[in-house]
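So you know, we letter chains A, B, ... as the sequences are listed, proteins then strands, and number each from 1.
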Protein chains: 2
Amino acid sequence: MAIPFPGQAVRGSTTGKPIMALLDLLGRTWALGILWHLNKQSLTFRELQSCCEKISPTLLNSRLKELRQLNLVTHNESGYCLTDMGQELFQIILPLGDWSTQWAADLNQEQNNDT
Amino acid sequence: MAIPFPGQAVRGSTTGKPIMALLDLLGRTWALGILWHLNKQSLTFRELQSCCEKISPTLLNSRLKELRQLNLVTHNESGYCLTDMGQELFQIILPLGDWSTQWAADLNQEQNNDT
DNA sequence: TATTGTGCTACAGTTTATGTAGCGCGTAAA
DNA sequence: TTTACGCGCTACATAAACTGTAGCACAATA
């Protein structure tokens, strides 16, 4: 799967708009999960594998290559970690955590109303 | 593909944590793109198809079913649109737009430094 | 020298997504 | 009243993406 560089045609858009490249990237299996897990601490390849249950090493490696080339993730002595840019991106998606618990509560509420 | 309800096992996690369901959902092909395009206005099925270049009607329909069941998207007289909860979610991911342009600029910068 | 842990790669099998055709429905003009 | 249009889809063959398991090459430690 081609790496979605801003400025190039990506899945969903031929315009080259950066947001479209980003949405393509984040919309790939495990990409969001990898960013999410790398926030707290550096993780080795195999630690990442066990965090992301059932990710195959083949795919983990592909995603890591993409994230590294797009300057969101890097690799140091203690394993894989977010770059500064990756941290910025994480700060944006961080509120998804709290929001999702409210979302889950509302879905439950609704389900109860139906019964 | 099973709909990732919070509280149930999803791709990447068997814990049932809402954030994991959300990351599974948003990590599916086109899900983020659909939310992004529906923000400004309601769109018919066929308008969505042409916004999301190259999405197949089969898949668009699957994603819409998921998003509707998870109470993020609904369907009214003028087409598909975000629910209140969908709007909330959109507000969280909205900053991705501005951030992505900076990200694209930084990537370019870096590329120039290498040459 | 053997063991353990690292980051991977190979590859067959399965799942997911695409691409094209077209159906059934409602509206509305001829 | 039938022809035509746009709507939301569905069917299905083909293609692409992902999984699961095995195991390689390398480095550090025992």
Original post:
What is the distance from CZ of R28(A) to C1' of dA17(D), rounded to the nearest Å?
Top reply: 10 Å

Original post:
With respect to the side chain of I55(B), which nucleotide from dT18(C), dG7(C), dG8(D) is positioned closest?
Top reply: dT18(C)

Original post:
Going by atom types only, do D106(A) and Q102(A) share a side-chain donor-acceptor pair under 3.5 Å?
Top reply: yes

Subject >> For the student: nearest non-hydrogen atoms of R63(A) and T29(A), plus distance >> reply: NE-O, 2.9 Å

**OP:** Whole angstrom is fine here: how far is it from CG in L48(A) over to C1' in dG5(C)?
**Re:** 16 Å

Original post:
Which pair of heavy atoms, one from P6(B) and one from W103(A), lies closest together, and at what distance?
Top reply: CG-CZ3, 3.6 Å

Original post:
Closer than 4.0 Å, any side-chain N/O of N61(B) to the OP1 or OP2 of dG8(D)?
Top reply: no

**OP:** Using atom CG of N76(A) as one end and atom P of dT6(C) as the other, report the distance to the nearest whole Å.
**Re:** 15 Å

Subject >> Euclidean distance, atom CG of residue L59(B) to atom P of dT20(C) [Å, nearest integer] >> reply: 16 Å

Original post:
NE2 of H75(B) versus C1' of dC7(D): gap in Å, rounded?
Top reply: 9 Å

**OP:** From the options dG20(D), dA11(D), dC7(D), select the nucleotide whose nearest atom is closest to the side chain of P57(B).
**Re:** dA11(D)

Subject >> From dC18(D), dG8(D), dT9(C), nucleotide with atom closest to K65(A) side chain >> reply: dT9(C)

Original post:
Between L43(A) (CG) and dG5(C) (P), how many Å, whole number?
Top reply: 17 Å

Original post:
Taking only side-chain nitrogens and oxygens of T58(B), does any of them come within less than 4.0 Å of OP1 or OP2 of dT10(D)?
Top reply: no

Original post:
Which residue lies toward the 5' end of DNA chain D, E47(B) or R11(B), if each is placed at its nearest nucleotide?
Top reply: E47(B)

Original post:
CE/M85(B) to CG/L107(A) distance, rounded to the nearest 0.5 angstrom?
Top reply: 5.5 Å

**OP:** Would you tell me if any nitrogen or oxygen in the side chain of W30(A) comes within less than 4.0 Å of OP1 or OP2 on dA17(D)?
**Re:** no

Original post:
Taking C-beta and beyond as the side chain, do R11(B) and P4(B) meet within less than 4.5 Å on heavy atoms?
Top reply: no

Original post:
Nearest to the side chain of F45(B) - dG8(D), dA17(C), dT9(C)?
Top reply: dG8(D)

Original post:
Between T29(B) and dA17(C), does any side-chain N or O lie under 4.0 Å from OP1 or OP2?
Top reply: yes

**OP:** Provide, to the nearest angstrom, the distance between the CG atom belonging to L64(A) and the P atom belonging to dT9(C).
**Re:** 11 Å

Original post:
So which one's nearest nucleotide on DNA chain C is more toward 5', R46(A) or K54(B)?
Top reply: R46(A)

Original post:
Tell me: CG of L60(B) to C1' of dC7(D), nearest whole Å?
Top reply: 13 Å

